[in-house]
2 protein chains.
Amino acid sequence: MPWDLKSDRPIYAQLIEQIELKICSGVYALGSKLPSVRELAQEASVNPNTMQRALAKLEESGLVYANRTEGRYVTEDVEMVRNVKNRLAEDLIEEFLQNMKRLGFSEDEIITVIKKISGGAMNE
Amino acid sequence: MPWDLKSDRPIYAQLIEQIELKICSGVYALGSKLPSVRELAQEASVNPNTMQRALAKLEESGLVYANRTEGRYVTEDVEMVRNVKNRLAEDLIEEFLQNMKRLGFSEDEIITVIKKISGGAMNE
DNA sequence: ATTATTGTATTAACCGGTTAATACAATAAT
DNA sequence: ATTATTGTATTAACCGGTTAATACAATAAT
């Protein structure tokens, strides 16, 4: 899974999202050790400072924690990860519905169209 | 409908989207005259240059056109607007599905959750 | 003991989007 | 004819995110 960063938004914010996603989806398991700042930065092709900034924010929110010279770990708090996952999902859904409605789609139409597309060639 | 611009992405890009939305949803009707650059800029609380930039881009794509000193108009091309609307909807859906899947939701789960939320207190 | 790797911090340069101020030609409105 | 409004253009300043280079203390690995 590539990091696919777009240039139309601050990179550090995108990094936060991507890491949250990886934690929620299990790519980075609960309690597991994260790659080092420098490794992650190289992986994502960004400056270590930028990655550091993203990680610091994630630390604020409690999703990861750092042991000074040992490395960084994903929280063991299952509840917290579940909450983050739910929050992310709700945000995605609300924003999506809002935009579709602005485009002039009704809720029924939205569901119909999603079924059609998600059944189709979407999967890659 | 306010312009609700966020600071985490280039404003001109957001302006383009918002104007596209307003055209697709009929707030700015086909062939109708748009407010002047200065008016629009004031409405959206941005610098006229920034609004001008967004409009210039929309002009490139053909969705609006300018008559030098007369003002700016929405295209009369129904087909074009329909296409834009479909493209915007598809983009929204694809991005949404992609993100939800990354979070670990299956297509069935997505539809279930959308039904639940869209039936609920979403509407404002 | 020495070395390599960890997170962390600092400073300066860079870069693109945004604002600000201003000007101009064309023309609709008066 | 004069005036106001239109889109358009230009230049400089500003600002926040990003990069770059570098350094440091702590400690795991050797």
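Quick note on labels: first sequence line is chain A, next is B, and so on, each numbered from 1. Worth knowing before you read on, the calculation uses all heavy atoms, side chains too, and leaves out hydrogens, waters and symmetry mates.
- Minimum interatomic distance between Met80(B) and Gly62(B) (heavy atoms only, all atoms of both residues): SD-O, 3.2 Å.
- For the pair Lys85(A) and Phe105(B), the cation sits on the ring face: its NZ or CZ lies under 6.0 Å from the ring centre, inside 45° of the axis.
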(request) Would you write the dot-bracket representation of DNA chain D, where each base gets (, ), [, ], | or . depending on whether it forms a Watson-Crick or G-U pair under 3.5 Å and with which partner? (result) ||||||||||||||||||||||||||||||
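- Across the protein-nucleic acid pair, Tyr12(A) atom OH and dG16(D) atom C1' stand 9 Å apart, rounded to whole Å.
- Separating the CG atom of Leu40(A) from the P atom of dT8(C) is a distance of 13 Å, rounded to the nearest angstrom.
- Summarising the geometry, the separation between CG on Leu58(A) and C1' on dG7(C) is reported as 15 Å, rounded to the nearest angstrom.
- Taking atom CG on Asp8(B) and atom P on dC15(D), their separation rounds to 20 Å, with Å as the unit.
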(request) Could you go through the salt bridge (charged side-chain N to carboxylate O under 4.0 Å, His left out) check for Lys115(A) and Glu107(B) one step at a time? (result) CA-CA 8 Å; Lys115(A) 277 183 188 167; Glu107(B) 291 181 356; over 6 Å; no
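- In this model, a donor atom of one side chain and an acceptor atom of the other lie less than 3.5 Å apart for Glu70(B) and Tyr73(B).
- Residue whose closest nucleotide on DNA chain D sits further toward the 5' end, between Leu55(B) and Arg9(A): Leu55(B).
- Leu5(B) places its CG atom 16 Å from the P atom of dG17(C), with the value rounded to the nearest Å.
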(message) What does the B/S/- profile of nucleotides 21-30 of chain D look like, 5' to 3', with a 4.0 Å heavy-atom cutoff to protein?
(response) B-B--BS---
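- For the residue pair Glu76(A)/Tyr65(A), the side-chain donor-acceptor check at 3.5 Å is satisfied.
- For Ala56(B) and Thr50(A), each mapped to the nucleotide of DNA chain D holding its nearest heavy atom, the one lying further toward the 5' end belongs to Ala56(B).
- Nucleotide dT10(C) holds its P atom 15 Å from the CZ atom of Arg53(A), rounded to whole Å.
- Without hydrogens or angle criteria, Glu20(A) side chain to Val84(A) main chain gives no donor-acceptor distance under 3.5 Å.
- Close to dT5(C), at under 4.0 Å from its OP1 or OP2, lies no side-chain N or O of Arg72(A).
- Following rounding to the nearest Å, Gln52(A) (CD) and dG17(D) (P) show an atom-to-atom distance of 16 Å.
- Glu79(A) is linked by a side-chain contact (heavy atoms from CB on, under 4.5 Å) to Asp77(A), Arg82(A), Asn83(A), counting only residues two or more places apart in sequence or in another chain.
- Atom CE of Met51(A) is separated from atom P of dG7(C) by 11 Å (rounded to the nearest Å).
- Among all heavy-atom pairs drawn from Leu55(A) and Val64(A), the shortest one is O-CG2, 4.1 Å.
- Rounded to the nearest 0.5 Å, atoms CE (Met51(B)) and CG (Leu15(B)) are 4.5 Å apart.
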